[in-house]
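Written below as structure tokens is the structure these notes are about.
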Amino acid sequence: MPEGHSIHRLARRHHQLFRGEALRAASPQGRFAEGAELLDGATLERTDAWGKHLFHHYTGDLRLHVHLGLYGTFTEGDLPAPHPRGALRLRLVGKERWLDLRGPIACEVLTPEQCRQVTDALGPDPLREGSDPALVLARLARSRASVGSLLMNQQVVAGVGNVYRAEILFRHGVSPFLPGRDLEESTWLSMWADLSVLMRAGVRTGRIVTTDPEDRARPAGRARRVDAHYVYRRTGQPCRRCDTPVSQVEMAARNLFWCSWCQPDP
DNA sequence: GCTAAATGTTGAT
DNA sequence: TCAACCTTTAGCT
């Protein structure tokens, strides 16, 4: 579930797996053969994430840039690595562990300068130290576009995806259709603070849970699955706060979910 | 066990 | 606006 929290979690994990190790790199699929050749033998110094973009810093100023897109996925394990099967874009092998990457939308070796170009095009990331919500506000304040679409724009805020978008709007009673310029500053600042908390929890657990305990159904009997979302993918089901059926509409080829009572139209 | 839909973005039409 | 990327998972049966 690659929203920003997953990518930060992966950055942390890859650092744990391979920090300080010289890695073998290969692209069994062939689509990253040149890049893998460049990386082969380099040592992983550190990892970094900005929004949904992942970076590995290797010796020799080599940077691996990965964007998982919708389908991309990493798998890992202890050596020996299994025989490569399917479309395996990149396999990294360390002293004790292997790491496979499949289906990313971006997997490339960049220079530090090229990495900067990537991150310069991104808005502040609630998961990064020192990110400034005022910069986001400045973008919102001069846009007639809906806050629902602006939150999905990585140049405005980095790391928020369809789930966090729907849930943060609900939690603050904001209609997705409100023009960005009409969002109150104080509302945005509490949304940002809330996003940081929720996304940090996502990094810790690997799951997106946005409901407050009092809005979840009583745990009937044994450990049942937690009611993790207020509106995301709950079309037609009663709102956890007011019982109004959750609404859904397709917006820019993405599903948008909201409660028309808790988040009234502007 | 199978099918449909999905967390995202780019590039072509 | 749509296809591509080509894996995972939720929801059926």
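All values below were derived from every heavy atom in this structure, side-chain atoms included, with hydrogens, water molecules and symmetry-related copies excluded. In what follows, chains are A, B, ... by sequence order, proteins preceding strands, each numbered from 1.
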Just grab all the salt bridge (Lys or Arg N to Asp or Glu O under 4.0 Å) pairs involving residues 111-122 of chain A, residues at least two apart or on different chains.
A:E113-A:R116
Per the salt bridge (Lys or Arg N to Asp or Glu O under 4.0 Å) rule, what does the pair list look like for residues 43-53 of chain A, sequence neighbours excluded?
A:D48-A:R128
Whole-Å distance, A:F257 CZ to B:dA5 P, equals 12 Å
Within residues 111-120 of chain A, the residues having a heavy atom closer than 4.0 Å to DNA chain C are none
Rounding to the closest angstrom, what is the interatomic distance between B:dA5 and C:dT13 at atom P?
14 Å
A:D182: partners by side-chain hydrogen bond (donor to acceptor under 3.5 Å, both in side chains), with sequence neighbours left out:
none
Does A:L189 have any side-chain contact (heavy atoms from CB on, under 4.5 Å) partners at least two apart in sequence or in another chain, and if so, which?
A:P133, A:E185
Taking only residues two or more places apart in sequence, or in another chain, which ones meet A:P80 in a side-chain contact (heavy atoms from CB on, under 4.5 Å)?
none
Rounding to an integer number of Å, can you tell me how far A:E250 CD sits from C:dC2 P?
9 Å
Using atom names, set out every protein N or O paired with an N or O of nucleotides 4-6 of chain C below 3.5 Å, distance rounded to 0.1 Å.
unit_1: C:dC5; atom_1: N4; unit_2: A:Y71; atom_2: OH; d: 3.1
unit_1: C:dC6; atom_1: OP1; unit_2: A:Q29; atom_2: NE2; d: 3.1
unit_1: C:dC6; atom_1: OP1; unit_2: A:R31; atom_2: NH1; d: 3.1
unit_1: C:dC6; atom_1: OP1; unit_2: A:R89; atom_2: NH2; d: 3.2

With sequence neighbours left out, the residues meeting side-chain contact (heavy atoms from CB on, under 4.5 Å) with A:A49 are A:I7, A:H8, A:A11
Only pairs at least two apart or in different chains count here, so list each salt bridge (Lys or Arg N to Asp or Glu O under 4.0 Å) that has a residue in residues 132-161 of chain A.
none
Quick one: which residue pairs count as a side-chain hydrogen bond (donor to acceptor under 3.5 Å, both in side chains) with a foot in residues 160-175 of chain A, not counting sequence neighbours?
A:N162-A:R165, A:E167-A:T210, A:R171-A:D194, A:R171-A:D212, A:H172-A:D194
Could you list by number each residue of residues 144-163 of chain A showing a heavy-atom separation from DNA chain C of less than 4.0 Å, or answer none if no residue does?
none
side-chain hydrogen bond (donor to acceptor under 3.5 Å, both in side chains): pairs with one or both residues in residues 69-87 of chain A, sequence neighbours excluded:
A:R13-A:E76, A:E76-A:R97, A:D78-A:R97
Counting only side-chain nitrogens and oxygens, does A:K52 get under 4.0 Å of the OP1 or OP2 atom of B:dT7?
no
